[in-house]
Amino acid sequence: MNSPDLPPPTLRLQLDSDALADNWRALNELSGSARAGAAVKANAYGLGVDKVVPILRKAGATDFFVAHWSEVPAVLRHTAPESVAVLHGPIRSDDAQFARAAGVRPVINSLHQARLWIESGGGPCDLMVDTGINRLGLPLGAISDPLVAQLEVNALLSHLASADEDVAQNDRQLAAFEEAARHIPAKMRSLSNSAGIALGKNFAFDLTRPGIALYGGVPRPELASVIRQVAHPQAAVLQVRDLTVGDSVGYNATFTASEPMRVATVSLGYADGFLRCWSGRGSLRFRGAELPLIGRVSMDMVVVDCRTAPNICEGDWLDVPYSLPEASAITGLSQYELLTTLGRRYLRE
Ligand SMILES: *Cc1c(COP(=O)(O)O)cnc(C)c1O
């Protein structure tokens with residue numbers, strides 16, 4: 001049976017492709033003699049690999065990082081396998097088999113992973129050394145293990161723990177990485193994420209790995225003037241209603257009208273990544289008018305005060321203000337969470 005064509009959804013995520021390409025170019029420029037790659041894990045931080053990877057490739061990016069093996073096929077629709085590295089690395093031999101079959105590079109993070117990779121036949125890989133984040137990566141004490149010498153290392157990686165802060169840990173990790181690089185032969189070295197790029201040229205090495213700043217995040221003030229907003233969510237009005245004095249709105253009646261007012265119910269909820277911490281904070285916009293959020297955010301809906309736009313109708317599109325630094329200040333969510341929780345119900349265009 002043919003299913004009928006779906007009507008357009010009541011949520012859309014407009015991707016500013018010029019801003020995305022400009023952000024990559026700006027980060028590539030700031031990386032000096034290093035080239036900028038791109039972290040596209042978690043569906044390109046929620047924005048959609050199918051949209052993001054082609055734009056980044058056109059801008060000039062040739063090195064893409066995902067976290068999971070399951071994220072590989074989507075990226076391979078848009079780029080060659082040699083340009084893809086998988087940060088979690090092979091945990092089981094199935095992972096190593098998949099890497100070989102797909103032609104993508106595993107990032108080796110431990111002696112366990114080194115052994116799996118070599119036993120599966122070896123070949124080019126990236127190697128992550130831990131220089132102080134103590135999360136994923138080969139401990140420095142293990143770099144002289146004979147297994148490591150057997151690896152064919154394309155890029156030697158490490159990851160900064162606190163690049164968004166001015167703390168001594170950054171220089172300590174830099175020194176530890178330089179030391180590791182003296183012992184491990186590799187075609188390339190790569191240390192910096194988005195924030196690390198802003199720490200200066202000596203953090204750039206040969207390849208940088210920006211993620212959040214590509215997508216409009218500003219992890220350090222130095223980036224504020226060069227990074228532009230990329231994701232612009234919009235949600236449609238489902239219903240307009242008039243409240244009288246004493247009417248309450250939403251779950252647990254956290255808002256009560258103190259005067260007659262018109263409100264609109266909007267197709268945007270915590271299932272769309274608009275989490276409950278937005279309850280009663282901030283506003284949506286309709287052609288420049290500010291419509292404060294009132295009451296609780298529910299799974300599929302929020303309610304806004306539309307006294308500033310009384311002519312609003314069912315189906316009208318409202319802008320969801322999503323400048324990441326500002327939205328982070330309003331909600332207390334990180335800029336990363338604001339993007340990666342966006343959910344599946346948006347038409348990504
Ligand atoms: C996610 C990730 C990045 C990108 O970090 P941002 O802070 O988003 O720029 C870089 N390197 C590794 C290893 C990562 O896991």
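We count ligands from 1, going down the list as the structure has it; atoms in each ligand are counted the same way. The first residue of the sequence shown is numbered 1, and numbering continues consecutively from there. Computed from a predicted model, the values in this text were never measured in an experiment.
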To which protein heavy atom is atom 9 (O) of ligand 1 closest, and what is the distance rounded to 0.1 Å?
Ser194 OG, 2.5 Å
Would one find an N or O of Gly211, backbone or side chain, under 3.5 Å from an N or O of ligand 1?
yes
Is there a side-chain contact (heavy atoms from CB on, under 4.5 Å) between Leu207 and Arg189? Walk through the geometry before answering.
CA-CA 6 Å; Leu207 173 68; Arg189 294 156 303 160; over 6 Å; no
Does the plane of the ring in Tyr215 sit parallel, tilted or perpendicular to the ring in Tyr45? Use 30° and 60° as the thresholds.
tilted
Might you work through the side-chain hydrogen bond (donor to acceptor under 3.5 Å, both in side chains) test for Arg12 and His232, ending with a clear yes or no?
CA-CA 8 Å; Arg12 58 193 188 195; His232 297 268; over 6 Å; no
For Arg228, does the CZ atom have more than 12 heavy-atom neighbours from other residues, nucleotides or ligands under 6.0 Å away?
yes
Minimum-distance protein heavy atom relative to atom 5 (O) of ligand 1
Asn193 CB, 3.4 Å
Determine, stepwise, if the pair Asp300 / Arg345 fulfils side-chain contact (heavy atoms from CB on, under 4.5 Å).
CA-CA 10 Å; Asp300 316 305; Arg345 297 196 292 197; 2.9 Å; yes
Could you tell me which atoms of ligand 1, counted from 1 in the order shown, lie closer than 4.0 angstrom to a heavy atom of Ala39?
4 (C)
Run the contact test for Phe65 against ligand 1 with a 4.0 Å cut-off on heavy atoms, strictly below, and give the result.
no
Kindly determine whether His78 and Asp50 satisfy side-chain contact (heavy atoms from CB on, under 4.5 Å), including the steps that lead there.
CA-CA 8 Å; His78 307 289; Asp50 287 331; 2.6 Å; yes
Part of Arg209 within contact of ligand 1 (heavy atoms, under 4.0 Å)
both
Atoms in ligand 1 with a heavy atom of Met128 nearer than 4.0 Å
13 (C)
Any idea how His68 and His88 line up, ring-wise: parallel (<30°), tilted (30 to 60°), or perpendicular (>60°)?
tilted
Heavy-atom contacts with Leu87 under 4.0 Å: which atoms of ligand 1 show up? List them by number with element.
13 (C), 14 (C), 15 (O)
shortest atom 7 (O) of ligand 1-to-protein heavy-atom contact is with Tyr336 OH, 2.6 Å
If we only count N/O pairs under 3.5 Å, is Ile212 in contact with ligand 1?
yes
Please verify whether a non-hydrogen atom of Pro210 lies at under 4.0 Å from ligand 1.
yes
With heavy-atom distances below 4.0 Å as the criterion, list the atoms of ligand 1 near Tyr45.
1 (C), 4 (C), 5 (O), 6 (P), 8 (O)
side-chain contact (heavy atoms from CB on, under 4.5 Å), that's the test. Do Leu15 and Val230 meet it? Break it down for me.
CA-CA 6 Å; Leu15 191 93; Val230 171; 4.0 Å; yes
Find out whether the Lys NZ or Arg CZ of Arg100 is both under 6.0 angstrom from the six-membered ring centre of Trp117 and within 45° of the ring's axis.
yes
Atom 2 (C) of ligand 1 sits nearest the protein heavy atom Lys41 NZ, 2.5 Å
